[in-house]
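Below you'll find the structure, written out as structure tokens, and then a few comments.
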Amino acid sequence: LNAKLENGKLIVEVHNTLSTTYNLKTIEVSYYDNSNNIITTVKGYIGPSIDSDNYRKLIVQTDADLSNATKIEYTINK
């Protein structure tokens, strides 16, 4: 994953490094503060699958104040 955060918008380049197509439903992105409390969790969608050695761009946006965010975790829901 290659990710950057700009004005509440997380832009992630997702790369399927597997030799097969990867099927998925949604991606949940959770933002945490320095006390490890969740600030917010946002769902994103990049399509039903990613073919082998292909890239997709995930863009998730939130109105939550992320100025204190120190960690981002994601969960891929298959």
Side-chain angles (χ1 to χ4, degrees):
L1 290 174
N2 181 13
K4 64 181 176 177
L5 184 60
E6 295 178 351
N7 300 322
K9 186 185 297 184
L10 178 69
I11 303 168
V12 182
E13 186 176 69
V14 181
H15 179 208
N16 179 4
T17 59
L18 302 174
S19 61
T20 59
T21 297
Y22 191 85
N23 297 307
L24 57 111
K25 293 181 182 174
T26 60
I27 298 175
E28 291 181 2
V29 180
S30 296
Y31 301 86
Y32 293 82
D33 64 17
N34 61 355
S35 298
N36 214 30
N37 297 312
I38 293 179
I39 298 170
T40 190
T41 298
V42 183
K43 285 188 180 181
Y45 182 73
I46 59 173
S49 63
I50 304 174
D51 291 334
S52 175
D53 199 33
N54 276 308
Y55 293 84
R56 291 276 176 89
K57 189 176 284 190
L58 170 68
I59 300 173
V60 290
Q61 190 161 357
T62 180
D63 292 334
D65 179 7
L66 300 177
S67 60
N68 293 324
T70 58
K71 180 174 78 173
I72 298 172
E73 289 184 352
Y74 67 92
T75 303
I76 299 174
N77 301 308
K78 307 187 239 183

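- Between the CD1 atom in I38 and the OH atom in Y32 there is a gap of 4.0 Å [rounded to 0.5 Å].
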Side chain to side chain contact (heavy atoms under 4.5 Å, CB included) between N16 and N54, intermediate numbers included:
CA-CA 6 Å; N16 179 4; N54 276 308; 5.6 Å; no
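- Put simply, L24 and L10 are part of the same group of oily side chains (I, L, V, M, F, W, Y) that touch within less than 4.5 Å, one to the next.
- Shown here for K9 and Q61, the closest heavy-atom pair between the two residues is CE-OE1, 3.5 Å.
- A side-chain donor-acceptor contact under 3.5 Å links D53 and H15.
- Linking Ile, Leu, Val, Met, Phe, Trp and Tyr residues whenever their side-chain heavy atoms come within less than 4.5 Å places I27 and L18 in a single cluster.
- Atom CG of L58 sits about 10.0 Å away from atom CD1 of I11, to the nearest 0.5 Å.
- With a 6.0 Å radius and a threshold of 12 heavy atoms from other residues, nucleotides or ligands, D63 has its CG atom at or below the threshold.
- To the nearest 0.5 Å, atom CG of residue D33 and atom CG of residue D65 are 11.0 Å apart.
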List the atom pairs, donor and acceptor, that lie under 3.5 Å between side-chain atoms in residues 41-51 and the rest of the protein, sequence neighbours left out.
| from | atom 1 | to | atom 2 | distance (Å) |
| --- | --- | --- | --- | --- |
| T41 | OG1 | S30 | OG | 2.9 |
| D51 | OD1 | T21 | OG1 | 3.2 |

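- Residues N34 and N68 fail the side-chain proximity criterion, which asks for heavy atoms closer than 4.5 Å.
- The side-chain heavy atoms of V12 and V60, taken from C-beta on, include no pair separated by under 4.5 Å.
- I76 and V14 fall within the same hydrophobic cluster, where Ile, Leu, Val, Met, Phe, Trp and Tyr residues are linked whenever their side-chain heavy atoms come under 4.5 Å apart, directly or through other members.
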